[in-house]
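Structure, as structure tokens:
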Amino acid sequence: MSNDWPLFEVFIRSRAGLEHKHVGSLHAADARMAIEHARDVYTRRQEGISIWVVPSAQIIASDPGEAEELFEPARDKVYRHPTFYDIPEEVKNL
Amino acid sequence: MYTQALDSQGKEPVALPAEDAARSAHFQARVDAEEKIEPKDWMPEAYRHTLMRQISQHAHSEIVGMLPEGNWITRAPSLRRKAVLIAKVQDEGGHGMYLYSAAETLGISRAEMFAQLLSGKAKYSSIFNYPTLTWADVGAIGWLVDGAAIMNQIPICRCSYGPYARAMVRICKEESFHQRQGFEIMLTLARGSGAQRAMAQDALNRWWWPSIMMFGPSDADSKHTAQSMRWKIKRFSNDELRQKFIDVTVPQAHFLGLSIPDPQLRWNEATERYDIGPIDWSEFHAVLKGNGPCNRERLEARRAAYEAGEWVREAAAAHARKQRARAAA
């Protein structure tokens with residue numbers, strides 16, 4: 001059964017203005033079935049106004065084993081944060 | 001609860017090679033720091049396998065759990081009750097889906113999990129091996145069985161494995177309507193005619209002890225609890241959760257004007273909790289072994305559903321293949 005029905009990852013946008021969030025996965029025979037099943041499994045309480053389904057095999061993920069090197073460049077750039085800067089209190093609107 | 005079968009069996013952990021011992025130590029440090037473990041993170045094989053078993057058995061419990069209540073959909077006493085019961089049973093199906101999805105992230109396929117359930121190799125919660133004899137049983141299940149499930153599932157929302165914890169958060173949100181639906185049924189019956197009150201009391205008489213047993217063997221008899229707690233899969237012991245459930249539920253029964261079928265039930269002023277009579281563990285083990293009232297019937301129903309649905313799955317796959325071929329041509 002599941003041999004012919006590939007795995008899809010499901011993303012739901014809960015309301016206009018928000019991004020699609022990953023909520024889980026399901027097996028379906030094709031894209032249309034995946035959308036309808038996602039509707040049945042993940043939006044029974046009106047949790048979504050928009051659904052994305054993506055075949056899981058199409059998702060490319062970073063390797064957690066590589067995470068340290070991959071994210072290292074940002075580690076010593078604390079000056080990207082506003083709190084790094086010392087502005088006198090009397091200055092408004094900064 | 002979903003470790004009922006795990007609690008009473010099992011081998012001792014195997015000694016690890018040196019490299020794995022270092023990674024295990026790092027893994028344990030992450031768990032101790034309340035970090036979540038995600039699917040592609042390194043994890044001890046024993047952690048992976050314990051979770052695969054627990055999550056898949058939890059999923060099976062949801063799916064099999066649709067059967068005792070599904071039994072009453074055609075005979076619900078009103079349209080409202082029917083619609084509500086259908087929604088509850090649909091939710092249980094959905095919960096199974098969330099959990100199979102979480103289990104698959106660990107490297108087991110859905111087909112394999114179904115094969116384990118249908119062959120009888122995988123367990124599911126003992127409670128679903130009891131029959132629903134009257135409409136009041138539907139109320140008792142919502143009130144007691146879903147109540148016990150909530151007690152068990154809320155701590156799992158904080159378990160160390162990310163996908164399982166997230167699935168639990170979704171499930172807990174939906175579960176509270178289940179318990180209220182059940183209690184409302186019991187309340188209506190308890191406030192009804194003499195026959196309705198008697199039906200409610202009879203259902204409570206039959207579902208109380210099996211619900212208590214849902215929490216699994218007592219702590220002294222649960223070999224795997226310590227490791228599950230160290231890995232933060234389990235957050236409270238079986239006895240702790242069982243006691244919590246009893247202390248919360250007895251006052252609800254008093255409100256209903258129904259009596260708990262335990263002549264030794266007593267409020268303990270010193271400990272500020274309810275003391276109960278002895279649990280019949282022989283019944284629990286018999287049911288786990290496959291000799292409960294409905295074990296065979298439940299498995300046969302699942303097998304029949306799986307076989308009867310084969311043509312639908314094949315047709316859908318054939319249709320998809322045809323559409324892809326047409327698009328490619």
Side-chain angles (χ1 to χ4, degrees), chain A residues 1-15 18-71 75, chain B residues 23 30 35-43 86-105 108-115 118 162-164 166-167 169-171 173-174 177 306-307 309-324 327:
Chain A
M1 170 272 269
S2 304
N3 305 328
D4 285 355
W5 286 24
L7 190 63
F8 291 82
E9 300 300 325
V10 180
F11 303 80
I12 306 275
R13 189 202 308 282
S14 59
R15 53 187 168 87
L18 296 178
E19 64 285 311
H20 286 76
K21 268 179 75 170
H22 182 243
V23 293
S25 65
L26 51 80
H27 288 269
D30 58 33
R32 182 67 206 166
M33 186 188 280
I35 293 270
E36 289 178 2
H37 283 189
R39 185 263 325 266
D40 293 339
V41 178
Y42 293 104
T43 71
R44 281 193 302 283
R45 286 163 176 79
Q46 299 185 294
E47 294 98 317
I49 55 160
S50 169
I51 296 172
W52 285 354
V53 290
V54 181
S56 307
Q58 292 291 314
I59 299 206
I60 298 139
S62 62
D63 174 2
E66 227 185 49
E68 242 191 88
E69 305 160 28
L70 188 62
F71 298 111
R75 251 198 292 156
Chain B
R23 293 175 105 175
R30 292 191 64 206
E35 280 181 39
K36 294 293 177 220
I37 309 299
E38 297 294 347
K40 293 286 174 256
D41 293 344
W42 187 91
M43 61 186 84
I86 289 173
K88 177 176 198 277
V89 172
Q90 264 183 321
D91 267 358
E92 308 297 7
H95 295 177
M97 295 298 110
Y98 304 151
L99 290 163
Y100 284 128
S101 173
E104 282 188 90
T105 64
I108 183 171
S109 74
R110 203 162 301 211
E112 213 178 323
M113 289 187 274
F114 285 165
L118 300 180
Y164 193 23
R166 290 190 288 275
V169 170
R170 297 192 79 89
I171 288 175
K173 277 201 197 131
E174 302 183 352
F177 121 60
Y306 191 76
E307 278 152 35
E310 180 65 20
W311 73 270
V312 177
R313 295 190 292 275
E314 279 181 17
H319 175 76
R321 271 194 304 274
K322 229 191 229 174
Q323 297 294 94
R324 277 198 301 272

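Note: hydrogens, waters and symmetry copies are ignored here, and every other heavy atom, side chains too, is used. Chain A is the first sequence line, chain B the second, and so forth, proteins listed ahead of strands; every chain is numbered from 1.
- Contact detail for B:A317 and A:A29: the closest heavy-atom pair is N-CB, 4.1 Å.
- Heavy atoms closer than 4.5 Å to chain B are found nowhere in A:R32, neither backbone nor side chain.
- Remark: A:E68 CD is loosely packed, at most 12 non-hydrogen atoms of other residues, nucleotides or ligands lying under 6.0 Å away.
- Of the atoms belonging to B:E38, not a single heavy atom falls under 4.5 Å from chain A.
- In this structure, A:R45 CZ and B:K173 NZ are separated by 10.0 Å, a value rounded to the nearest 0.5 Å.
- Most heavy-atom pairs under 4.5 Å with chain A, from the set B:H319, B:R324, B:Q90, B:H95: that is B:Q90.
- At least one side-chain heavy atom of B:Y98 sits less than 4.5 Å from a side-chain heavy atom of A:V41.
- Minimum heavy-atom separation, B:A320 to A:D30: CB-CB, 4.0 Å.
- To the nearest 0.5 angstrom, B:R110 atom CZ is 7.0 Å from A:L26 atom CG.
- Below 4.5 Å, heavy atoms of chain B meet heavy atoms from A:E47, A:P64, all part of residues 47-64 of chain A.
- Contact annotation for B:R170: only side-chain heavy atoms (C-beta onward) come within less than 4.5 Å of a heavy atom of chain A.
- Within the 4.5 Å cutoff, the side chain of B:M97 has no heavy atoms near those of the A:D40 side chain.
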